Each structure stands twice: as structure tokens, then as C-alpha cells.
Participant: 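Got a structure for you, written out below as C-alpha cells; questions coming shortly.
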Amino acid sequence: MTDRDLDLDILQFTAPDQVTERLRRELAACWVEVTNAGGAAGFPFPPVDEGEVAPAVDRIVGALAPETSRLLVARARGELVGWLNVRRDLFELTAHWGTLHHVQTRPTLRGRGFGVALVNEVRSVARDEMGLEQLHLAARGGTGLEEFYGRLGWKEVGRWPGALRLAPGDDRDEVLMLLAPL
């Protein structure tokens, strides 16, 4: 996909051998930036560095497979501006839905529509290429993510109150969201 208004390319990766070492480093660097800016992207206790994040990137890349796990990467003028991972379980009771993981955009580039474009593209990929009917995600409460996803058609379907303890006295809800139909 190319979004001419944003000068954005969204690339999709479906196998580990498609992801270069350079891209792995870029994904890790983005994840470090997001986490250290307070983002809710899988490492709750900043600061983190690339040495901590790189093994998590390697696990995501190692699990890529067309049917079960895809990586979407957004680039603007050649620079990585965001990425996400969509996964599904092939177990017959739940194979009709997938889950978004690690949705992130570089903090210095937020508000330019890159995240919106990335989330809209994964909706098409999930529906048209993976054959999914629904997408799920869990978001950290208190960060405004419910509003972001709500503007894109996602619905809050539940919460786990106080499920995330970021620090003594700082418990956050885990917000469960659904996008259906795709």
C-alpha cells in the first residue's frame, strides 16, 4: 500500500527470512523509543535498551508464517515510522479471529496519520489475506488508546480492572477491544 497523502509505504512480512538484520535493528530501535517515551508496547518498566528488546523482536520475527503471524511495517521516505504484529491461532474454535500485538509508531512522528494507516491496513490484510472475521487487542488503560482505536471502529468489549501494576499505587485497567466485522 502506498498512501500518497502521507508518503507512506506499508510493507508486509510473512516469513522470518524476509526480515533483514537492518530491519530487525530498526524494529528494536522503534520499540526502545516507544517504551522509553512511556508507550504501552510490551515492556512496562522503562528505560529499556536494544539489548533487552532485540530478543523479543527475534521471537516475533521467528514466528512469522502466512497463516498465523504477519508483520506490518510503515515507512515514510524510507524511514521506519511504525509497525505491528497480527497473529491468529489455528485452533478451530478461534481460527476466525486474530490479535494485534505491539502496535507502535515513533513518538516524535505521532499525530501524522501513520498509526491510523497502519491499523487500517492490518484490517484489510486480516480480512482479505488471512480470512479473519474479527480482530482483538488489549490496551493499557489511562493512555488514550481506547479513544484512538474507537475512532477507527473498534469497540471496548471489557476490562480487567487494575490488571496492570506499573508502580505502587499505579494500577491500570487492561482494556479489551474488538473490531468486527472486518
Side-chain angles (χ1 to χ4, degrees), residues 1-3 6 8-16 18-20 22-44 48 53-76 79-89 97-140 143-155 174-180 182:
M1 169 188 144
T2 299
D3 187 318
L6 298 177
L8 185 68
D9 294 316
I10 298 182
L11 309 170
Q12 181 181 169
F13 300 88
T14 61
Q18 297 172 338
V19 180
T20 65
R22 176 180 174 232
L23 179 54
R24 286 176 192 247
R25 287 190 305 274
E26 290 175 309
L27 295 168
C30 180
W31 204 342
V32 166
E33 288 176 35
V34 168
T35 299
N36 290 345
F43 288 92
V48 296
V53 174
V57 169
D58 289 341
R59 283 190 296 276
I60 291 167
V61 170
L64 292 176
E67 290 294 315
T68 57
S69 181
R70 295 175 182 223
L71 174 68
L72 273 66
V73 172
R75 289 190 177 281
E79 176 187 356
L80 185 133
V81 297
W83 64 279
L84 61 76
N85 178 229
V86 59
R87 292 184 280 208
R88 67 124 54 100
D89 187 330
W97 59 268
T99 307
L100 292 192
H101 297 273
H102 312 295
V103 179
Q104 47 191 288
T105 57
R106 288 208 131 104
T108 58
L109 300 174
R110 290 199 179 134
R112 299 182 188 185
F114 299 138
V116 169
L118 198 53
V119 172
N120 285 337
E121 179 69 8
V122 77
R123 179 183 200 159
S124 297
V125 166
R127 179 188 63 232
D128 301 338
E129 298 179 30
M130 297 178 79
L132 298 175
E133 298 170 21
Q134 307 177 4
L135 286 173
H136 299 184
L137 66 81
R140 182 187 303 168
T143 60
L145 291 172
E146 304 99 317
E147 293 81 19
F148 170 77
Y149 289 110
R151 288 190 304 270
L152 300 176
W154 291 74
K155 304 291 182 224
E174 183 88 83
V175 182
L176 308 175
M177 302 197 77
L178 168 72
L179 182 63
L182 298 180

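Remember, it's a predicted structure, so these values are computed and weren't measured experimentally.
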Participant: Counting N and O atoms only, with roles assigned by atom type, does the side chain of Q18 sit under 3.5 Å from a partner on the main chain of A15, one being a donor and the other an acceptor?
Facilitator: yes
Participant: With the threshold set at 4.0 Å, does a side-chain nitrogen-carboxylate oxygen contact exist between E26 and R75?
Facilitator: yes
Participant: Under a 3.5 Å cutoff, is there a donor and acceptor pairing between the side chains of E129 and Q12?
Facilitator: yes
Participant: What pair of heavy atoms forms the shortest contact from L118 to A74, and how long is it?
Facilitator: CD1-CB, 4.0 Å
Participant: How about L145 and V175: do any of their side-chain heavy atoms sit closer than 4.5 Å?
Facilitator: no
Participant: My understanding is that only residues two or more places apart in sequence, or in another chain, count here; which of them pass side-chain hydrogen bond (donor to acceptor under 3.5 Å, both in side chains) with Q134?
Facilitator: H136
Participant: Given side chains that start at C-beta, do those of L72 and F13 come closer than 4.5 Å, heavy atoms only?
Facilitator: no
Participant: Would you mind reporting whether L182 and L135 have side-chain heavy atoms less than 4.5 Å apart?
Facilitator: yes
Participant: Would you give the length of the straight line joining atom CG of L27 to atom CD1 of I60, rounded to the nearest 0.5 angstrom?
Facilitator: 8.0 Å
Participant: How many angstroms lie between atom CZ of R22 and atom CG of L80, to the nearest 0.5 angstrom?
Facilitator: 9.0 Å
Participant: For residues 98-105, dump all side-chain donor-acceptor pairs below 3.5 Å to protein atoms at least two apart in sequence or in another chain.
Facilitator:
from, atom 1, to, atom 2, distance (Å)
H101, ND1, R87, NH2, 2.8
H101, NE2, R87, NE, 3.2
H101, NE2, R87, NH2, 3.2
H102, ND1, A41, O, 3.3
Q104, OE1, W31, N, 3.4
Q104, NE2, H102, O, 3.3
T105, OG1, R110, NE, 3.2

Participant: Test of understanding: with side chain to side chain contact (heavy atoms under 4.5 Å, CB included), list the residues that count as partners of R112, not counting sequence neighbours.
Facilitator: L109, F114
Participant: Is E133 paired with R127 through a side-chain N to carboxylate O contact shorter than 4.0 Å?
Facilitator: no
Participant: I'd like to know if the side chain of T143 reaches the main chain of R140, judged simply by a donor and an acceptor atom lying under 3.5 Å from each other, with no hydrogens or angles considered.
Facilitator: yes
Participant: Using a 4.5 Å cut-off on heavy atoms from C-beta on, say whether the side chain of K155 contacts that of M177.
Facilitator: no
